[in-house]
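Notes for the one structure printed next.
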Amino acid sequence: MANPHPSPSMILYGGPHSPFVRKVLVTAVETGSIEDMKLMRVTPPLTMATPNPAFMRINPLGKVPTLVLPDGRTLFDSDVICEYLDTTFGGGKFYPPAGPGRWRALRWNALGAGAMDALILWRFERNKAPEIQWSNVLSSFEAKLQSILAAIESEMAEISAAPLGIGHISMACFLGYLDHRFADLDWRSSFKATADWFLEFNQRESLKLSRHGEAPPIESDPPALRWE
Ligand SMILES: N[C@@H](CCC(=O)N[C@@H](CS)C(=O)NCC(=O)O)C(=O)O
């Protein structure tokens, strides 16, 4: 689906490899707001080591996702954007009002988003020349990944029974990014309930449309959303 809306009134800055951008895309598809969004790729892609002064005039943090609203104001980070989309277009389902459902959704969201942060930092360290990598940092991230997956696995009965919320979207985007950038890790054999949940969740239209750029195409999937 290539943004069929004739003149989208919002601009989403991002790219096809960021899990935080994917979280916004999934929320945008789920809330029916994707068609009102033009997707603008930030080039070269932002990394911690490549600041982009021009882009910092749009978002002082120099990070994606960044959403430009119809009146020209900008929103960041992914949670502010997702809550905006949820309340403006989605009826406020994904960030429930104060109460146990809200804290549960926000807790799972924090788990998924924290896991994405950890994977990004781990990848940054892993991509350094071997002689300057910190082995204790690498092993610390490896341990954190196991503990995050174990936590998700232990809560899977409650996760799969709960109404769809921002926590599910975050955790699915974490697992998608894990497959995208750490395809060498076989996490499924140790975390079978999580693997089964993700297999099913991954079939949602919102997940199909937002697959990461280099993910192998799945023949039956619709074409991915297009970045300009
Ligand atoms: N907490 C932020 C994290 C966003 C983030 O880390 N984005 C990465 C791309 S995945 C980025 O823009 N990195 C550039 C940088 O760190 O300077 C959010 O939820 O939006």
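All residue numbers in this chain count up from 1 along the given sequence. Numbering of ligands and ligand atoms starts at 1, following listing order.
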Under-4.0 Å salt bridge between Glu158 and Arg104 = yes
query = Between Ser18 and ligand 1, is there a nitrogen or oxygen pair with a distance under 3.5 Å?
reply = no
note = With Met171 as partner, the option from Asn109, Ile159, Thr194 fulfilling side chain to side chain contact (heavy atoms under 4.5 Å, CB included) is Ile159
salt_bridge(Asp196, Arg188) N-O dist < 4.0 Å = no
inquiry  = Please state which option from Val64, Asn109, Asp77, Val24 has its nearest heavy atom closest to atom 4 (C) of ligand 1.
reply    = Val64
key: Shortest protein heavy-atom distance from atom 20 (O) of ligand 1, along with the residue and atom involved   = Ser78 N, 2.9 Å
message = Is it true that Asp86 and Thr31 share a donor-acceptor pair across their side chains at a distance under 3.5 Å?
response = no
query = Of all the atoms in ligand 1, which lie at a distance below 4.0 Å from a heavy atom belonging to Leu46?
reply = 14 (C)
key: Closest approach of any protein heavy atom to atom 17 (O) of ligand 1, naming residue and atom   = Thr47 O, 3.5 Å
inquiry  = Under a 3.5 Å cutoff, is there a donor and acceptor pairing between the side chains of Tyr95 and Asp79?
reply    = yes
ask   = Which ligand 1 atoms does Ile120 reach within 4.0 Å, using its non-hydrogen atoms?
value = 10 (S)
message = Please verify the inter-ring angle class for His168 with Trp108; under 30° counts as parallel, over 60° as perpendicular, anything in between as tilted.
response = perpendicular
task = Around atom 6 (O) of ligand 1, find the nearest protein heavy atom and jot down its residue, atom name and distance.
result = Lys63 NZ, 3.7 Å
query = For the side chain to side chain contact (heavy atoms under 4.5 Å, CB included) test, which of Glu205, Lys23, Arg204, Arg22 pairs with Ser210?
reply = Arg22
inquiry  = So for ligand 1, is Leu61 a polar contact partner (N or O within less than 3.5 Å, distance only)?
reply    = no
query = Is ligand 1 less than 4.0 angstrom away from at least one heavy atom of Pro65?
reply = yes
query = Which atoms of ligand 1 sit under 4.0 Å from any heavy atom of Gly62?
reply = 14 (C), 17 (O)
